[in-house]
Each structure stands twice: as C-alpha cells, then as structure tokens.
Amino acid sequence: MVIITRFPPSPTGYLHVGGARTALFNWLYARHMNGKFILRIEDTDIKRSTQASVDAIFEALEWLEIDWDEGPFFQSRRFDIYQTYIQKFLDSGHAYYCICSQEKIDIMRKEAMAAGGKPKYDGTCRDKGLAKTSNAVIRFRAPATGTTIVKDIIKGSIVFQNSEQDDFIICRSDGTPTYNFVVVVDDITMGINTVIRGDDHLNNTPRQIMLYNALGSPLPAFGHVPMVLGKDRTRLSKRHGATSVTAYRDMGYLPDALINYLVRLGWSYGDQEFFTREELIEKFTLENIGKSPGIFDQEKLLALNADHIKAASPRNLSDHLLPFLKERGCIAEKGDFLDSVIKTLNTRSKTLIDMADGALFYFQENILYEEKAAKKFLKPVSLEAFKQLIDQLESLDTFSEKALENVFKKVMDDTGLKLGKIAQPVRVALTGKTVSPGIFEIIEVLGKKQVMSRLQNAVQFIKDSEV
RNA sequence: GGUCCCAUCGUCUAGCGGUCAGGACACCGGCCUCUCACGCCGGUAACAGGGGUUCAAUUCCCCUUGGGAUCACCA
C-alpha cells in the first residue's frame, strides 16, 4: 500500500512551529515510506481565511524545503463536491435540517453545563422531517448509543461513548460545509490513508469516524501527536515569543536545524540528537513518537543551530548567509573568498546573524575601531611591533598560516613581547574589535593588500592620537 | 464542570521486569589558548504519591495528585 499523508493548514495566520512540526511528521513519514504527501488549504471559513496567510504558509514550507506531491487543494473550490455528499446524507437519512435558533441552543448548553453535564444539542429537530428553509442548518444524525473506538498509532485504542456526541452541524445556514465534514470528504476523495495531526484533534476523531461509517468508507490510520507547549506549559502561542517559522529564518536559523529540533521534540532515535535531513527521512518512523507534550526550548534549538552551522559546507551556508550580509551592506558573493570567510566563523557562530556580524570586518574598507578596543590596544607601545610586522609581511609572498606564525615569532623575539601583546593590537587594527577568529586565519583570508593597509592605518591612528 | 490524553534530571529524551537509571541542552569546575569561540575531561541533577501483580518494579494494573487538550453555524 502506498502511504498517502497530508498537511491541511487553515490560512488564518502564519505557519507556526507547532503546525510545521505536524507538517514535518507527515512529510517525513511519506518520504520515508516512499509515499505521497498532499497539501490542502482548509479555507471553508471564508471570513477568517486570507490570501496573505496562504502566501505566508507557502513561504514557510518552501524555506523549510518541505515539498508536496499533490495540491495545494483549496477547500473553498470544492464546495460542489461537498454539496453532493451532503445531499447523499440527506437522502440516506444520515442528516437532517434543523431550525433551532442559536440563542436557544446557547441556553440549552448553559443549562447542561450548570447541571454538570456535557453541553450538547438535544435533537429537537431530529425526527421532524423538516424541509430546507433559509435559516436551517444541516445536522448529522449521530448514533446515540454504543461506542466509537479510535485506534491511534501513537496513543493506542481510545474508547468514546457515542452518548457523549451530539448531532453536530455539517452544513451552515449559509450553505457552507463545516470542518469535520469536509475533512472526511477530502480525506476519502484524496485517498488519504494516514492521518497524523495534533493531539487537539483527538476529540474530533470519533465524530469523523462516524462520518466514515455513514459513508461506508474504510478508516485511515490515525496518529495524534502531542502538542508543543510554551515555557509555562500551556499551548504554544504568540505570547511565548517567536512562534512563526519565518521568524526563525529571520533570526538566522538554518531550516535543517529547525527541522532537526522540531522532529526531535517528541520523537527520538536512541541517543542521537543531530540529524541531517536525509538521516531524518531514513530513520523517521511513527513508532518512535512520544506520548507526552513537549516544551519548546529555544536554548536547545540554538545549540542545535550552532551544530548545523558547524556541520554545513561553506558553499551550502553561503546561500543562507548572503541575505544577512547584504542586509548589512556587504558586497559579497558566493565563491572561494566567502567560503574561507565562513570557515573562520562557523565554529563561533550560533546563528547566521552572529556569523554575518562577525564577517563584517572582512568586507569593510575602512575599519572603525571600537572606542574601548582602540583605547586599550592601539597605543605607542605597540608601534615597534607594528612596524616590524609591516616590514616582515611586506617581504612575504604567500600568506600561509605557517609562514605567518614564523613572522610573528620573529617579531616576538625582536621586541620581547608575548604573542598576546602583539595579537590583540593587530586584531584591533584588522577588525576594529577585540574579538575575532584566530589572528593568523584572518590575516590569511584578508590577504596582503588589506592587511598592509589596515596595519598602516593603525600606525597612523596611534601617531595621531599621541598628539 | 463533562470527556479525552499525558507523567524519568530545570528542558528534550533513552529505557520496553533484574541498569551504579544512559545521552543531549542549560548550569558548575578543569584543560587547551593570540581574543571570543570550538574542542576535550569531569561534576550537580530525575523515575509525582499511594496501593496492588511479581522472587523482582522506573517498566504491568488501579487510585490519588499534577499538567494538557477539547466541549462553536473555528479549524
């Protein structure tokens, strides 16, 4: 059997990390099983759905490099299909018109709640055989007795009493179908046989199973993954800080790192923490998904991002880094120079923002010294070392780490200064800061021309500040 | 409130009857060192509580407690 999964976001906002996680589970499972992954946009609620949200969802999925085999399907364009199914239900007696007012039902619910029971529709119109009227809704005639069992891949068998369910609405008075109904019709008509979704849908599942049964369709396999919670252990939401996928892109995270983190939150593969995209596809199975909700931990995501930055090839990283460099006004392009810049930075950057900031000095013609750095290290005592370095480097043709080390050694001997006393002033001269990659590394990457002019500028700066 | 789900270090988790309860993040030491990092070595830290079942329970069952989800003409 070919596994067919789907991701059905409703376009009422950006794609948040929780949604991305369920998308990921479905996508990974389909890829792992050599199946199909379908994207469906659930926009039956015309009032709340927006094109901007649709675009935002696509943007996020593309950045995550989650691709789909079919779709995107839009439910708003499938109303005729739902209509025929509703008619089928009406004809077979599985559904009926109801003219009870919302006010009346609200009161009913409140009374039931006050009496300690479950608020549900009492079935007033159930057997009245009402015809269609302008304000009528269509309700599903749900079985009143017996049980409905959800055989969940993750949670096991869960028994629901049918008496807990009421005759829910499948078609609104304005003629539009509702969620539980369209999901079932879509999943059936699209051939979905594996439904992996958030825990919050577990209570909807018995209703959907009733619909499958009424239609005589075989059930898909259900898997309800636990929620992602915020630090305060409530469902992750805006007040927990950044929750949109693209926000993480903008904060300098790598898509592979986010994916790794999100999947690992609630899924495990022994003690392994770091996974490439390919490894995830190879190793992801539903059996290893945990049952308990997980708290979204920014710290761990950050650490994982650092690991992915370290592991990525410079060439691969440049695609992701370039936008951040351009944003900072750097004239940079993919190539050997950028590769070597990245190599000096990747062990000391947790995000692409760190990396872009750290790379700034490579691209600046005129180095601006940080005030404190200049005050501490660009002083007359270093003048002699600077002069000797300039002389030595002038006669050096190839700037290899080895050769540079020898040059510094010589200057150390001649001036009697320790490496630290020379390296820090040089660092400030070359980068403007007291923190940077290794001194030999940056000299090599910067190249003779840049190094010479920056050293000379520093000498000039020291002389100028003397007077 | 009803229904449903869940429960191992602060966090993510391994464990699938017998383990000194393992790893990762974070935290704290130390080493390395031209700065900052990386890296390496070491440390603190958990089976929610109570009953069973069993020769033996973190592991199986029940209860309590705690947390979460859900009860719409939203999805």
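The sequence lines fix the lettering, A, B, ..., with proteins before strands; numbering per chain opens at 1.
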Is a donor-acceptor pair below 3.5 Å formed from side chain [X] to base [N], judging by atom type as modelled?
X	N	answer
A/Asp106	B/A72	no
A/Arg427	B/C34	yes
A/Ser173	B/C73	yes

For a quick check of understanding: with a heavy-atom distance under 4.0 Å over all strands, which category does [X] fall into, base, sugar-phosphate or nothing?
X	value
A/Gln102	base
A/Gly358	nothing
A/Thr12	nothing
A/Ser349	nothing
A/Phe408	nothing
A/Pro9	nothing
A/His224	nothing
A/Ser268	sugar-phosphate
A/Ile295	sugar-phosphate
A/Asn204	base
A/Gly438	base
A/Lys120	nothing
A/Glu273	base
A/Leu265	sugar-phosphate

Do [X] and [Y] have their ring centres less than 6.0 Å from each other?
X	Y	value
A/Trp68	A/Phe73	no
A/Tyr369	A/Phe461	yes
A/Phe284	A/Tyr269	no

Please state how far atom [atom1] in [X] lies from atom [atom2] in [N], giving the value in whole angstrom units.
X	N	atom1	atom2	answer
A/Arg197	B/A69	CZ	P	18 Å
A/Ile169	B/A75	CD1	P	11 Å
A/Leu404	B/C34	CG	P	15 Å
A/Leu302	B/C12	CG	C1'	15 Å
A/Lys310	B/A24	NZ	C1'	13 Å
A/Arg264	B/A24	CZ	P	11 Å
A/Phe296	B/C12	CZ	C1'	12 Å
A/Lys372	B/U35	NZ	P	18 Å

>> Parallel, tilted or perpendicular: which one describes the rings of A/His94 and A/Phe140, with boundaries at 30° and 60°?
In response: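 Answer is parallel, since the angle falls under 30°.
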
Are OP1 or OP2 of [N] and a side-chain N or O of [X] less than 4.0 angstrom apart?
X	N	value
A/Thr347	B/G39	no
A/Arg233	B/U11	yes
A/Arg235	B/U70	yes

Proximal nucleotide (of [options]) relative to the [X] side chain:
X	options	value
A/Leu202	B/U3, B/A75, B/C4	B/C4
A/Lys291	B/A75, B/C34, B/A7	B/A7
A/Leu419	B/C34, B/C73, B/C4	B/C34
A/Glu299	B/G23, B/A26, B/C73	B/A26
A/Asp271	B/G22, B/G2, B/A75	B/G22
A/Arg109	B/G23, B/A75, B/A72	B/A72
A/Asn180	B/C34, B/A75, B/A69	B/A75
A/Asn203	B/A75, B/C25, B/U3	B/U3
A/Arg348	B/C12, B/A37, B/C34	B/A37
A/Lys350	B/A26, B/C4, B/A69	B/A26

Please report the distance separating the [atom1] of [N] from the corresponding atom of [M], rounded so that it comes out in whole Å.
N	M	atom1	answer
B/G1	B/G51	P	27 Å
B/C36	B/C20	P	43 Å
B/C5	B/G39	C1'	43 Å
B/C12	B/G67	P	16 Å
B/U59	B/U19	C1'	12 Å
B/G22	B/C16	C1'	15 Å
B/A45	B/C40	C1'	22 Å
B/C55	B/A48	C1'	27 Å

Do the side-chain N and O atoms of [X] and [Y] include a donor-acceptor pair separated by under 3.5 angstrom?
X	Y	answer
A/Asp200	A/His224	no
A/Gln87	A/Gln83	no
A/His308	A/Thr276	no
A/Asn162	A/Thr145	no

> When you measure from the centre of the six-membered ring of A/Phe74, is the NZ or CZ of A/Arg77 under 6.0 Å away and within 45° of the axis?
Replying inline: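 Satisfied, under 6.0 Å and within 45°.
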
> Does NZ or CZ of A/Arg207 lie under 6.0 Å from the centre of the six-membered ring of A/Phe168, at an angle within 45° of the ring axis?
Replying inline: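 Satisfied, under 6.0 Å and within 45°.
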
Please name the nucleotide paired to [N] by Watson-Crick or G-U wobble geometry with both distances under 3.5 Å, or report none.
N	value
B/U19	none
B/U3	B/A69
B/C47	none
B/U53	none
B/C9	none
B/G39	B/C31
B/U58	none
B/A14	none

